[in-house]
Amino acid sequence: MAFEFNTDSQQEIPDMAPPKERISRFHILVLLAFGILVIILLSWGSISTAVRTALARRNAKEAREAIATQDWSRAYQSLALARQRAPEDTEVIRAMVAFYQVTGSDPSGLAQQLRLLAAQQPLTEEEDLLLGRSLIASGKTAEARGVYEKLPLGNSTHKPGLELLSSILTAEGHTKEAAEITRRASSQTTDSPETHLEAALEDRKSTFVEVRQHARKQLWQLADLNTKVALEAIAKLASDPALTLAEAKRLLDQVGRHPLENLPARLGVISALLRLQPELRTQIVAEEIARFQARNKGGLEEMTYWLMTEKQNEAIFKLIPRHLAMNSRELYPILMQALAQEKRWEELKELLMTPRPPVPKSLVNLALAEVQSQLQPDMRETRLLLQGTLESARLENNDATLYTVASLAEKLNLTDIAVIAYKDAGDKAAAAGKLEAAVLHLQKAVEMAQRAKDSTALLAVSRTLHELRPSSAVFSDRLIYLRLILGVEMETIDLSKLRNASSLHEAFTITLERIPPPLLLALAAYRLGDPGSVPKHLTDLTDAAGLPAGQRAVAAGLLSLAGRQDRAYQIAEKVPATLLLNEERVFLQRAR
């Protein structure tokens with residue numbers, strides 16, 4: 001049968017997907033190897049660094065072990081390898097620091113390593129101090145001071161930080177300041193906030209700027225605490241004349257966040273803001289009064305006392321009803337003071353004359369004495385009130401009232417009462433063992449006795465001062481001088497002490513200068529019947545013009561007796577007679 005191809009009778013063949021190509025296992029391995037190679041090439045630097053770092057750290061560990069056993073050769077070789085492999089790795093740097101620190105061979109290198117470490121992570125307290133010391137050792141004092149200034153308050157005010165500051169001051173040539181800082185560092189035997197506050201308050205009185213700056217830093221550190229000490233530190237900082245406006249606002253924020261916040265603490269800071277922003281004074285006071293009234297937190301006596309200290313008396317009159325003050329031991333004195341500040345004497349007198357005031361009678365009498373001094377210029381009632389209060393204070397053994405009487409009598413120029421009150425206050429303080437307070441009160445009594453021209457009281461007070469401080473040449477000289485010009489108790493004078501006396505000065509609470517020994521010797525020769533020695537002693541008195549008025553008058557009289565009339569007259573004509581004791585005026589008249 002013949003084959004015939006008929007196109008019409010054939011079916012179409014459907015489209016079919018070509019079979020998938022199969023990748024051989026060999027090709028897969030090749031591609032995988034290529035990928036790994038690419039990854040290795042791309043990360044070769046990181047891998048190499050990691051390997052070097054690991055090896056360097058192993059070398060650093062070996063170096064530390066060698067340092068511990070003092071195998072310096074091995075330590076040096078290990079460190080050399082470590083630095084060659086990873087010079088900026090922190091473990092390597094710390095190993096280098098340990099090596100330099102133990103050997104002390106290269107302070108500059110030690111500082112460089114610590115700087116390198118600081119660029120990568122914050123230094124510890126010990127590392128900061130080590131950096132400062134290494135900079136000092138390498139002669140970079142200014143950089144060392146920069147390190148100290150950046151120390152946290154907690155580090156710079158404690159013993160290690162103070163020792164660093166002392167070293168900086170020594171390197172700068174401030175040896176006295178350095179010694180003071182060293183003394184402060186050595187005195188830190190306890191580490192309580194109370195002892196730090198006490199030390200800071202003491203250091204604020206220092207004559208050295210560095211010590212005062214240290215005290216200020218310590219107060220700021222204490223102000224961050226959550227204890228009562230912080231409020232005390234805040235109060236001291238608020239009264240600091242160097243306080244800035246930004247610092248005052250910071251203190252106000254600290255008071256507001258303190259768990260023991262109270263009204264006096266806040267108002268102390270507000271006073272600083274008033275001082276720093278006088279143009280906003282009225283606005284700030286009004287805001288504080290509104291805040292107080294809205295919150296009702298704190299006592300009315302605390303608010304009004306603060307207003308009195310800020311002399312915002314009109315606000316006090318609005319806040320304190322008269323009937324309330326008459327029944328309050330706290331508000332009554334505040335209202336009294338506010339009326340006195342405003343010079344509303346008649347109203348104050350009316351308040352004081354009210355029956356059964358809520359304060360001691362002595363306080364009322366003192367206030368009434370000042371009122372009467374304004375309303376009755378003859379001072380008769382004032383004098384009677386002060387004398388009565390003085391007698392009461394003596395009987396009650398009330399030191400505070402004695403001093404208040406003395407201060408008010410001095411203010412009103414009733415010097416005879418002031419002499420007695422100051423002397424009594426001094427005697428009471430001396431009996432209680434308060435020597436400094438006694439000397440201060442008795443010195444004021446001397447001043448008042450001189451103003452009152454009371455030679456007898458002046459001699460008595462000077463004798464007491466000499467008894468309190470027998471080693472004081474100043475007090476001894478003054479007592480000798482008074483005995484000589486008064487012509488009394490001369491048998492007690494030791495002339496050998498005068499001849500051996502030096503011209504040194506002494507300083508007490510009130511600064512005094514010694515009476516020149518030549519003047520005392522000349523006066524003694526005159527009083528003891530040896531006029532021939534007077535000119536010889538006066539020859540050593542080189543600068544009589546610089547003496548106080550009374551001593552100049554005596555010197556002029558003695559010069560006149562010695563035959564030096566011209567010199568005596570030159571001195572005498574410039575002496576104001578109104579300032580002299582009667583006995584000194586006698587010498588002045590001889591010179592004129």
Side-chain angles (χ1 to χ4, degrees), residues 419 423 439 442-508 510-531 533-534 536-562 568 571-572 575-577 579-591:
V419 170
K423 185 177 186 306
V439 170
L442 291 171
Q443 278 294 109
K444 291 295 292 184
V446 167
E447 182 185 337
M448 294 299 102
Q450 289 175 327
R451 283 168 56 179
K453 310 294 190 298
D454 189 342
S455 303
T456 303
L458 189 57
L459 178 63
V461 177
S462 297
R463 190 185 300 114
T464 303
L465 281 168
H466 177 58
E467 290 170 356
L468 286 177
R469 279 190 171 157
S471 62
S472 168
V474 172
F475 292 157
S476 175
D477 287 355
R478 184 162 59 190
L479 182 58
I480 290 172
Y481 173 77
L482 288 170
R483 285 169 169 166
L484 288 172
I485 64 170
L486 295 176
V488 298
E489 303 175 5
M490 289 187 293
E491 69 280 0
T492 64
I493 298 173
D494 187 351
L495 294 179
S496 64
K497 288 185 178 180
L498 291 179
R499 294 189 179 96
N500 296 328
S502 66
S503 59
L504 296 177
H505 297 167
E506 288 186 47
F508 295 97
I510 298 176
T511 302
L512 302 171
E513 298 224 4
R514 291 193 59 179
I515 300 172
L519 176 61
L520 292 175
L521 288 169
L523 184 56
Y526 166 72
R527 284 295 191 195
L528 297 175
D530 185 15
S533 298
V534 173
K536 179 182 67 174
H537 294 309
L538 291 176
T539 302
D540 297 329
L541 187 64
T542 56
D543 187 19
L547 297 175
Q551 295 173 33
R552 274 184 286 153
V554 173
L558 292 173
L559 285 167
S560 178
L561 290 171
I571 296 174
V575 176
L579 300 179
L580 304 180
L581 299 172
N582 292 334
E583 293 78 7
E584 292 170 332
R585 191 178 290 112
V586 171
F587 282 91
L588 182 66
Q589 290 170 349
R590 287 176 178 171

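Position 1 is the first residue of the sequence; numbering continues from there.
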**Q.** Smallest separation among heavy atoms of V534 and A522, with atom names
**A.** CG2-O, 3.6 Å
Q: Starting at CG of L459, measure out to CZ of R483 and round the result to the nearest 0.5 Å.
A: 6.5 Å
Q. Considering all heavy atoms of both residues, which atom of A556 and which atom of A568 are nearest to each other, and what is their separation?
A. O-CB, 3.2 Å
Q: Answer yes or no: is there a side-chain heavy-atom contact under 4.5 Å between K444 and V419?
A: no
**Q.** CG on L520 to OH on Y481, rounded to 0.5 Å
**A.** 9.0 Å
(Q) Quick one, L558 with L519, criterion side chain to side chain contact (heavy atoms under 4.5 Å, CB included). Give me CA distance, side-chain angles, the key distance, then yes/no. (A) CA-CA 9 Å; L558 292 173; L519 176 61; 4.0 Å; yes
Q: Determine the minimum heavy-atom distance between V446 and R478, stating which atoms define it.
A: CG1-NH1, 3.6 Å
(Q) As an exercise, state the distance from CG of L482 to CD of E584, rounded to the nearest 0.5 Å. (A) 8.0 Å
(Q) Could you report the tightest heavy-atom contact between F475 and L465, atom names first, then the distance? (A) CD1-O, 3.7 Å
(Q) Looking at F587, I'd like to know if the NZ or CZ of R590 sits under 6.0 Å from its six-membered ring centre while staying within 45 degrees of the ring's axis. (A) yes
Q | Interatomic distance, L486 atom CG to T456 atom OG1 [nearest 0.5 angstrom] | A | 7.0 Å
Q: List for me each residue that meets side-chain hydrogen bond (donor to acceptor under 3.5 Å, both in side chains) alongside S455, sequence neighbours excluded, and say none if there are none.
A: E583
Q) What pair of heavy atoms forms the shortest contact from Q551 to I515, and how long is it? A) NE2-CG1, 3.5 Å
Q.
Can you tell me how far apart CG (L588) and CG (L581) are? Round to the nearest 0.5 Å.
A. 12.5 Å
Q: Just jot down the salt bridge (charged side-chain N to carboxylate O under 4.0 Å, His left out) partners of R463, sequence neighbours excluded, or say none.
A: E489
Q.
Would the distance check show the side chain of S462 and the main-chain N or O of L458 forming a donor-acceptor pair, the cut-off being under 3.5 Å?
A. yes
Q | Distance (rounded to the nearest 0.5 Å) between D477 CG and H466 NE2 | A | 10.0 Å
Q: Report the C-alpha separation of L442 and L468 in whole Å, then their side-chain angles, then the decisive distance to 0.1 Å, and conclude whether the side chain to side chain contact (heavy atoms under 4.5 Å, CB included) test is met.
A: CA-CA 10 Å; L442 291 171; L468 286 177; 3.5 Å; yes
Q: Say whether, by atom type as modelled, one donor and one acceptor occur between the side chain of R552 and the main chain of L547 under 3.5 angstrom.
A: yes
Q) Of all heavy-atom pairs between R585 and A577, which one has the smallest distance, and what is that distance? A) NH2-O, 3.2 Å
